**Student:** 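Pasting a structure here, questions to come.
Numbered from 1 within each chain, the chains take letters A, B, ... in sequence-line order. Here the structure is a predicted model, which means the values were calculated and not measured.
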Number of protein chains: 2
Amino acid sequence: MKGEADKLREIREGFVAQWGVMGTQWGINRTMAQIHALLMTGADAMSTDEVMEELAISRGNAHTNLKDLVNWGLVRIVTKKGERKEYFEAEKDVWEIFRRIVEQRKRRELDPALQTVEGCAEETKGMKTKEGKAFHQQMVQLEEFVRFASKMSDRVGSLPHGKAMQLAMKLFG
Amino acid sequence: MKGEADKLREIREGFVAQWGVMGTQWGINRTMAQIHALLMTGADAMSTDEVMEELAISRGNAHTNLKDLVNWGLVRIVTKKGERKEYFEAEKDVWEIFRRIVEQRKRRELDPALQTVEGCAEETKGMKTKEGKAFHQQMVQLEEFVRFASKMSDRVGSLPHGKAMQLAMKLFG
DNA sequence: CTAAAGTTTCACTAAAAACTGAAAAAACAG
DNA sequence: CTGTTTTTTCAGTTTTTAGTGAAACTTTAG
């Protein structure tokens, strides 16, 4: 008969693998998503070596992706007293995870888009031809939208979990 | 002296190129983003050959990405009377573009995630160990969140432009 | 039907991204 | 300091994804 611990390990491995696959579809690399899943579902913080072992990946790969996760604010470094090694621990609160992701994506995707679109809108401001006006108009629309999205991201980031849910539910029924 | 048309062409080319770069960061391939930018900022629908010419890409590439854009609902096929060729025309309304993207991403990213997480929550339902309970709890949290996100996506998709802005502004100031 | 125009597919190539493993650098205990 | 442990970097390799171009297929005009 199979113990509960074995069954859990199996299910967890399945989750980690699946999360990895989904990561690739999200435009995140597989390893990073897998490490995240692993840390998110584990009781204790893990060392680089433990992560390497568990996922059968190289040190370089483990290291880079752990550090990337730290940069995303999804994982933090902890140290155990008397030990020299770094351990990694994931943020587990789902709303907090969401906030961090929104924040980063805003920074990486929205902000650069805004710059581009702003520039194009500015440079076509006074155009007189039909094409020029249409292009300018399109850029203005886009700019407005990106600004809006940007603002929304900021707001989401500043709402605490419960409040957000409440408001959103009121808004959308 | 440089004419307005020339300047516009230059700016537009810049926009198309930039949009392509941003596409890659969004996890969308460069060509697809470029074609989208091209069609979004042009007055008329374009044929496959025109797109090939403008972006200096192969027929296969142009074809595949145009069809992908059609599948995303961001571009539609139009035919000119008396002509046999297919022409492609982009949705230009920014809010409508946003809705389509939300809809597709939900289908491609949220729905599969929900399945995975649901499964893991279900399979660990009755677990008795500390680890088992913790894992289950984490899965339940995730499931709730994904369901919430899913619902929000649907709601966004069903709101008309003006209404959405209004409501959102009220909500977030 | 036949031929021309247009669309789709696909084996192959090119480019980009991810990963490895080992060496270098940094941190630290004694 | 010196030796040991741990972290970081990076040149080279593998894997994955994107793109090419020509052939196959489809559609329609004559």
**Student:** Rounded off to whole Å, could you give me the OH-to-C1' distance for the A:Y87 and D:dT6 pair?
**Tutor:** 12 Å
**Student:** May I ask you to list the residues of residues 34-70 of chain A, by number, that have any heavy atom positioned under 4.0 Å from an atom of DNA chain D?
**Tutor:** A:R59, A:G60, A:H63, A:K67
**Student:** Can you tell me the distance, in whole Å, between the NZ atom of A:K85 and the C1' atom of D:dT8?
**Tutor:** 16 Å
**Student:** Keeping B:E91 on the side-chain end and B:D93 on the backbone end, is there a donor-acceptor pair under 3.5 Å?
**Tutor:** yes
**Student:** Would you mind reading off the distance between B:E83 atom CD and D:dT28 atom P, rounded to a whole angstrom?
**Tutor:** 14 Å
**Student:** How far does CE of B:M52 sit from OG of B:S47, to the nearest 0.5 angstrom?
**Tutor:** 9.0 Å
**Student:** Determine whether more than 12 heavy atoms belonging to other residues, nucleotides or ligands lie under 6.0 Å from atom NZ of B:K80.
**Tutor:** yes
**Student:** Which atoms of nucleotides 28-30 of chain C (N or O only) lie under 3.5 Å from a protein N or O atom, and what are those distances?
**Tutor:**
| from | atom 1 | to | atom 2 | distance (Å) |
| --- | --- | --- | --- | --- |
| C:dC28 | O2 | A:R84 | NH2 | 3.4 |

**Student:** Let me check something: any side-chain donor-acceptor pairs from residues 34-43 of chain B under 3.5 Å, sequence neighbours excluded? List them with distances.
**Tutor:**
| from | atom 1 | to | atom 2 | distance (Å) |
| --- | --- | --- | --- | --- |
| B:T41 | OG1 | B:R12 | NE | 2.9 |
| B:T41 | OG1 | B:A37 | O | 2.8 |
| B:T41 | OG1 | B:L38 | O | 3.3 |

**Student:** B:W72 ring centre to B:R108 NZ or CZ under 6.0 Å, with the angle to the axis within 45°?
**Tutor:** yes
**Student:** Check each residue of residues 16-32 of chain B for a non-hydrogen atom within less than 4.0 Å of any atom in DNA chain D, then write out the ones that pass by number, or none.
**Tutor:** B:N29, B:T31
**Student:** So, A:E4 side chain and B:T129 main chain: donor-acceptor pair closer than 3.5 Å or not?
**Tutor:** yes
**Student:** Check for a donor-acceptor pair, side chain of A:R100 on one end and backbone N or O of A:G73 on the other, with a separation under 3.5 Å.
**Tutor:** yes
**Student:** Enumerate, atom names and distances included, each donor-acceptor pair closer than 3.5 Å involving a side-chain atom of residues 17-32 of chain A, sequence neighbours excluded.
**Tutor:**
| from | atom 1 | to | atom 2 | distance (Å) |
| --- | --- | --- | --- | --- |
| A:T24 | OG1 | A:V21 | O | 2.5 |
| A:N29 | OD1 | A:T31 | N | 3.0 |
| A:N29 | OD1 | A:M32 | N | 2.9 |
| A:N29 | ND2 | A:N65 | OD1 | 3.1 |
| A:T31 | OG1 | A:N61 | ND2 | 3.3 |

**Student:** Mind running salt bridge (Lys or Arg N to Asp or Glu O under 4.0 Å) on B:K151 and B:D154 for me, showing each step along the way?
**Tutor:** CA-CA 5 Å; B:K151 183 175 274 183; B:D154 286 342; over 6 Å; no
**Student:** Could I get the full list of side chain to side chain contact (heavy atoms under 4.5 Å, CB included) partners for B:V70, not counting sequence neighbours?
**Tutor:** B:V75, B:I77, B:F88
